[in-house]
Structures are given as C-alpha cells and as structure tokens.
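Data block below; observations after.
By convention here, the first residue in the shown sequence is residue 1.
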Amino acid sequence: MKFTQTIRSVALVLGCLSLFIGNFVSAAEDVPAITSETPAQKEARMKWWNDARFGMFIHWGVYSVPAGEWNGETGYAEWFLEETQMPVSQYEKYADQFNPTNFDAVTWVKAAKAAGVKYIVITSKHHDGFAMYPTKLSDWSISRTPFKRDPLAELAAACKQEGIRFCLYYTIMDWHSSDWGVRRAWNDVAAKDGPPNMDRFEDYMKGQLKEIITSYHPGLIWFDGNWEKPWTAKRGLEIYNYIRTLQPSLIVNNRVGKPENTPGGGFAKTGEVGDYGTPEQTIPPTGFGPGVYWESCMTINGHWGFNKADHNFKSTQTLVRNLIDCSSKGGNYLLNVGPTSEGIIPAPEVERLKEMGDWMKVNGVAIYGTSASPFRRLPWGRATQKVSGKNTTIYLHVFDWPSDGKLVVPGLKNSLRSATLLATGTKLKTSTTADGVVIEVPATAPDSISSTIVLKIKGAAEVDDVFINQNADGSIALPAALADFTGGLQYEKGDGKDNIGYWTDAKDFASWTFKVTKPGKFKVAVEVAAQGEAKFNVLLGEQKVSGTAPNTGDYAKFQTVTLPDVLEVIAPGTITLTVKPVKAGWTPINLKSVTLTPVAGN
Ligand code: FHN
C-alpha cells in the first residue's frame, strides 16, 4: 500500500471517531508517530492563534540590499537570486553589505502592536537559504555579515516584552544548499559538492528547526517552499511530528506537507499534514466551515521583500476591510511588511499599520476572538459573532452606510436584545419587518472605512439566507452585490464599479437564490460590460437560455442585453439562477445585474 493510501485509510477510520488526521498516532510503517491529540486538545492548542485574527508577516533578508533592482530592472524582491540567476557566489556578496544598524526590535514590535497585531511571523530562512540567525549548521547566515547581532533573538525578546507572540517562517526549498533536490545551474558554490541528497537535507532542516525552536520558542512555524518534487508528504509528516515533539504546543501551517495547490490562491485548504490552510494574496470567497483553520497572507504593496520602486501600497481602507473579511469567514489575516537593509520598516507601511491600529482601538472587540458570520452574504458589509451561553453578539461591519438611515439585516429571525453603535455607545432603535431586522442609524457613518453595530440577540443566530424576493410587479432583481460565486469571481465596488469582476476563468460562475411567489414566464435581461464578445448561459433548473455579451469597449461601460428566450418558473418556491460562461472563446465580462421580468399575459 502506498504511503498516501495508508494515510487516507487511516483518516477514514479515524474520521469516524471524529479525529483529525494530522494529529494522532499514525500506524504507517516507516513514519514516526504524531503526537496524539483530540479535537478539543487541538482547539485548545490553536486558541491563542484563532482568537488573534491579525498577524504581521516580515520578509527580511540579504535580498533587501539590492532592494529589488538589478541591471536596470526594478521588479525583484526576495526571489532576486532565482530571477536574476546570478551565480550564488556573486549573490553571497550581498551578505557583506547587510548591516542594518538602524534595526530596533522594540520599534518594530511596537509598530505591530500599535496596529493591533497579536503575532509576528518573520523569515528565519527564505528560499535563498540564508539564515537570519547565527546557525551552527551553515556559514550562510547572519554571522557572516558585518551586523554582528541576532535579529531573531532581539525580536523574540521585544515580543515577550510587548505581549506579542513571536513566530517563525522557515522555507523548505533552498537554492543555496547543495543537498536540496533541485540543484540550480547557477549554484556555483554547490558545484564542488556531490549530487544533492534529500535525506541529508532533511537532517539539516531538522537541525536548523531544532535550533530555532529551542532558541526562540516560536508560537508557530510557517513553512513554505514545499511545492518542488523532492519534498514529499512523508517528509512533511516526519518534520511535523519532529517539531511537535520538540515543542508540543507548536502550531504548524499546512505547507510543511503537500496540500493541494490552489492556483492563484496558495495552499488554501488544510491538507493532510499541518494545522491550518494558507491562502496567499487572496481571501477565499467563503471560509471552510467550522473547525477548519486558515489564514490569508498578503503583501502591503506588491512585494514580500523590500522593493524600493514599489510605492503601490494598499489603502488603509482595503487593509482593514481585508482583516474584517477574513474574520467574517472565520480566518486570520497575516499582513506582510518588507523592511530595508538598514533595518527600517518603510514609512508608508508604518503609517498604514498605525491607521489600522486607530480603527482596531475602537473596533477590535468585533475582530478578536470572533467566529465566522452567520450570514451567507450581506449587501452592505460583513459580520462576525461571539456566542456566549444562551446569547449571541453579532458585530455588523458596515462598509456602505445606508443613505436613508435604515440598515436592513436581511433574514435575521431572532428576538433582539439591543443594538448599539460601537464607536459612540449610542443605542439604536430596531424593528422586525418582512425583509429582516431594520436598524435606525445616524445620517453619517462614524467611520468611512467600516462602522460597527453591536447587535445582541437571544440564542444562536437564526438566519433565513434567502432574502431576495419578487417585487410587487412580479419582477426579480438580481444585483451583483447579492450573487454567490464559484471560482475566483469577486464583487467590485467603488470607483463607479458595482459588478461581478475577475471573470477570467470560464469555469467560474455566479448564482442567485431567491423566492418566487408569483410563478410564470420571465424575460431575462443581463447588464454586462466586455472588451470582446462573450457567450454565456443562464440556467434555472433544467432550463438553459443563452446570451452574448457585446463588446462595450470598456469594462466600466455597461449595456443591457435581453435574451431571446424566456425562462419559466412553474411553482412558487426557492429558486437558484446561475450564469455560466460558454467556454469556447470566453473573454472576461463584468456583470452588474440580471433582471427577470414577467412576460405580459403570463
Ligand atoms: O515564494 C514565496 C514568497 O516569496 C513569499 O514568501 C510567500 C509568502 O507566503 N510565499 C511564497 C510563495 O507561495
């Protein structure tokens, strides 16, 4: 039986006992046992991290010396060595120039703390193999730089002082080591050595991991660089077991193993080994359900490592809303900064951290320790919740403040205890209508980024998720804001946009679920923008009607297309309508709305 099969069968058997494959004694012949753990024990181990919701990633290494520039090109960062393909001996010279005398660990940690961050994850070794601490196992480390200090030790101490969890990134793939199974042609330093040896490499990894775990006692190890072939699930399991044995409380991300690579989204799903999934540069459209841990890591501009030419920083609004979005789906947000070779976190990054902190000081209670939203979708923002005993507190994160002073919470069925504006403590009036709970709010939002309303309800949240209803004239409006997405589609709002975008993959589709009280035949009108003709189908049960989006010349120039054929709803009930691309010749479209209008004389 193959190793993976063994793991799957063990998972099946123990799955019945509600145990999690990554965390119990494995019977696989040549794989050491993983520390035994019940789901409750795992929950306890994960608690500090799951409550934290917000972490700071730091990509710092000798690649910050060239600061992203080589031979007139300015697009590089931490992948500098692989992308320039310069001889390793030449790259090694950057270590001689790495002297970040302005580095002050307390300043960094205070900047993180001011942002509201609860843990820091810094690169102890990135793909260039350079150890940012004085490893005894290689001379390719901080010890060969003029900077005679240990930045990891200083940061660990500063984190302890400031009450922040100190955590470490450690990549598996290593372009410098002569033992990593994919030897680069430009690795002239390794050329004198014999062929790569992965067993020796794994021993080297174990040695370094032991060094960093026993020296710095990190809260978690964030593995990366797991995708190249020489790294196997078996080795991942061995390493997971090894480091959890060294420090049983350790949390380990899923990239220690070989989880499914979710293109454009990192390794979003948990996988067989490791404690949590790691979507990268993306926030999954929904979370992964209760008990599945995940964290989206994202850059603050367009690079992980320092790039002096990249001034394309995300706005504080985007960063805060990303944090809210992750929290509302039951995940964490790991926001990256890329310090300079002088040891400075660039000012625009610190500024954004400070602004995030200003928001968190008021609204942090609606982020820390919360769980995923009870709503599938909210037209004006997001929600998080805390369940305590017989009562639940729902935090409504309002991105788009209602212009008519009435915030409708669609489909909420519980009895209400109170509604309060978090920023001011103002009590708000509520009423229950056919559309859901209506909260009367002041004319202006306390915070244009996102304002929080604290809604206390009796019992666990009960939500009727189907809140699109037929209008009095029998028509049904299906706006982009209320669509559910499969694939990489995103709802785009602001700058004149109010549409479904990122429809680049013909496999992706959008759906709306709604209630029909007056059935009959309906004309279908679709409001679209495209830069080429794109064919799509509109599906309702077994029925399918086809349409073509015209070339409107601009993704922001919309045109309404009425489809030649009609759809029929035979009986009242809950219906789902889906718009799917026709794969052949698909060109991206932006879709603003679908409208169903009853056919006259129906
Ligand atoms: O290749 C790396 C990249 O440099 C960076 O470290 C990110 C952070 O998640 N991870 C990798 C790619 O997935």
Side-chain angles (χ1 to χ4, degrees), residues 51-54 113-118 283 313-329 333 335 350-375 377-386 388 391-412 414 416-433 435-457 461 481 491-495 497-498:
D51 283 350
R53 284 289 174 258
F54 188 21
K113 192 174 177 178
V117 149
K118 297 286 186 193
I283 298 172
F313 296 100
K314 293 179 181 112
S315 68
T316 303
Q317 171 166 301
T318 300
L319 300 171
V320 169
R321 288 186 177 183
N322 283 349
L323 169 60
I324 297 171
D325 196 15
C326 290
S327 305
S328 77
K329 294 164 180 170
Y333 186 49
L335 176 63
V350 175
E351 197 182 307
R352 279 157 180 78
L353 292 174
K354 150 104 190 41
E355 288 169 2
M356 289 185 85
D358 293 343
W359 186 90
M360 283 294 272
K361 268 187 208 106
V362 176
N363 301 281
V365 68
I367 299 292
Y368 302 127
T370 59
S371 52
S373 171
F375 304 96
R377 197 162 193 83
L378 287 169
W380 36 256
R382 303 284 185 275
T384 51
Q385 61 174 331
K386 280 181 196 161
S388 125
N391 294 315
T392 301
T393 303
I394 301 180
Y395 298 98
L396 305 173
H397 298 266
V398 189
F399 297 173
D400 302 316
W401 198 250
S403 51
D404 63 356
K406 288 183 174 31
L407 186 83
V408 181
V409 187
L412 184 63
N414 300 66
L416 305 182
R417 293 172 56 230
S418 65
T420 314
L421 200 53
L422 182 58
T424 58
T426 313
K427 294 271 175 235
L428 304 171
K429 280 193 189 146
T430 58
S431 54
T432 306
T433 70
D435 291 336
V437 169
V438 179
I439 306 174
E440 289 178 38
V441 296
T444 45
D447 195 317
S448 60
I449 292 180
S450 178
S451 306
T452 309
I453 293 172
V454 184
L455 193 60
K456 295 197 183 252
I457 60 168
Y491 172 59
E492 298 185 282
K493 171 103 183 148
D495 299 331
K497 288 181 185 163
D498 171 20

For [X] against [Y], the heavy-atom pair lying closest together:
X    : Y    : result
W380 : V408 : NE1-O, 2.8 Å
S328 : A383 : CB-O, 3.1 Å
L421 : W401 : CD1-CH2, 3.8 Å
P402 : V441 : CG-CG2, 3.7 Å

With no hydrogens and no angle check, is any side-chain donor or acceptor of [X] less than 3.5 Å from a backbone partner on [Y]?
X    : Y    : value
T316 : M356 : no
R377 : A481 : yes
T392 : I457 : no
R352 : K314 : yes
W359 : Q317 : no
Y368 : G116 : yes
Q385 : A372 : yes

**OP:** Inspect the contact between D325 and R321 and indicate whether a charged nitrogen and a carboxylate oxygen are less than 4.0 angstrom apart.
**Re:**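 No, no charged N to carboxylate O under 4.0 Å.
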Original post:
Quick one: does L353's side chain get under 4.5 Å of L335's, heavy atoms only?
Top reply: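 L353 vs L335: side chains touch.
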Subject >> Test item: D51 and K118 side chains (from C-beta on) under 4.5 Å apart, heavy atoms >> reply: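 Answer no - side chains too far apart.
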Original post:
What residues form a salt bridge (charged side-chain N to carboxylate O under 4.0 Å, His left out) with E492, not counting sequence neighbours?
Top reply: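 For E492 the salt bridge (charged side-chain N to carboxylate O under 4.0 Å, His left out) partners, ignoring immediate neighbours, are K497.
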Would you give the length of the straight line joining atom [atom1] of [X] to atom [atom2] of [Y], rounded to the nearest 0.5 angstrom?
X    : Y    : atom1 : atom2 : answer
H397 : I367 : NE2   : CD1   : 4.5 Å
R382 : L396 : CZ    : CG    : 13.0 Å
N363 : L422 : CG    : CG    : 5.5 Å
N322 : S327 : CG    : OG    : 10.5 Å
T370 : I324 : OG1   : CD1   : 10.5 Å
K406 : K429 : NZ    : NZ    : 10.0 Å

**OP:** Check each of L412, T384, I453, V454 against I394 using the side chain to side chain contact (heavy atoms under 4.5 Å, CB included) test, and report the only one that passes.
**Re:**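 Running side chain to side chain contact (heavy atoms under 4.5 Å, CB included) over L412, T384, I453, V454 with I394 returns exactly one hit, L412.
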